[in-house]
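If you're wondering where the values come from, they're calculated on a predicted model, not measured in any experiment. Values below: every heavy atom of this structure, side chains too, minus hydrogens, waters and symmetry copies.
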Amino acid sequence: MSETENPKTHPTSNAEKDPDDWTTGDETMTGAQASYLKTLSEEAGEPFDDTLTKADASKRIDALQEQTGRGK
């Protein structure tokens, strides 16, 4: 394994992983995701869906952050 492939030398590389590739992406969203998504949904005037998976919640958060100007 080269130094560029070692996760210890690049600890944030997993932060960029596509939610569709998450091994736990089909699990129920976390409490933190639900809380933040509810806040973003209210700010955007959009419905809050409490049945989203972790991966779908992450994608919805990204979309609502862009819509509301929050986050990134």
Side-chain angles (χ1 to χ4, degrees):
M1 179 182 285
S2 74
E3 189 172 313
T4 58
E5 296 173 19
N6 185 341
K8 290 182 179 180
T9 60
H10 298 285
T12 60
S13 64
N14 282 344
E16 300 294 323
K17 194 171 186 179
D18 185 331
D20 290 328
D21 295 331
W22 294 354
T23 57
T24 61
D26 60 348
E27 294 178 3
T28 304
M29 72 175 124
T30 66
Q33 282 179 309
S35 175
Y36 188 45
L37 187 54
K38 185 165 178 55
T39 298
L40 286 171
S41 296
E42 289 170 357
E43 287 183 8
E46 298 284 338
F48 169 68
D49 182 356
D50 64 355
T51 65
L52 295 177
T53 63
K54 285 181 183 178
D56 288 337
S58 179
K59 290 184 236 178
R60 184 73 176 137
I61 287 169
D62 288 345
L64 289 174
Q65 281 180 327
E66 189 169 318
Q67 184 177 338
T68 62
R70 273 184 162 247
K72 300 177 184 178

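- Here Glu66 pairs with nothing under the salt bridge (Lys or Arg N to Asp or Glu O under 4.0 Å) rule; sequence neighbours left out.
- Glu27 pairs by the side-chain contact (heavy atoms from CB on, under 4.5 Å) definition with Thr24, Lys54, not counting sequence neighbours.
- Scanning for side-chain contact (heavy atoms from CB on, under 4.5 Å) contacts around Glu42 gives Lys38, with sequence neighbours left out.
- Each of Ile61 and Trp22 belongs to its own hydrophobic cluster when Ile, Leu, Val, Met, Phe, Trp and Tyr are linked at side-chain heavy-atom distances under 4.5 angstrom.
- Thr68 places no side-chain N or O within donor-acceptor distance of the main-chain N or O of Ala44, the cut-off being under 3.5 Å.
- Across every non-hydrogen atom of Gln33 and Ser58, the tightest pair is NE2-N, 3.7 Å.
- When all heavy atoms are compared, the tightest approach of Arg60 to Leu52 is CB-CD1, 4.1 Å.
- The minimum heavy-atom distance linking Leu64 with Leu37 is given by the pair CD1-CD1, 3.6 Å.
- Under the rule for a side-chain contact (heavy atoms from CB on, under 4.5 Å), the partners of Thr39 that lie at least two apart in sequence or sit in another chain are Glu43, Arg70.
- Every residue was checked against the side-chain hydrogen bond (donor to acceptor under 3.5 Å, both in side chains) condition with Ser41, not counting sequence neighbours, and none meets it.
- When the side-chain contact (heavy atoms from CB on, under 4.5 Å) test is applied to Asp20, the partners found at least two apart in sequence or on another chain are Asp18, Lys59.
- Met29 and Thr51 make their closest contact through CE-N, 4.3 Å (heavy atoms, listed as atom of the first residue, atom of the second, distance).
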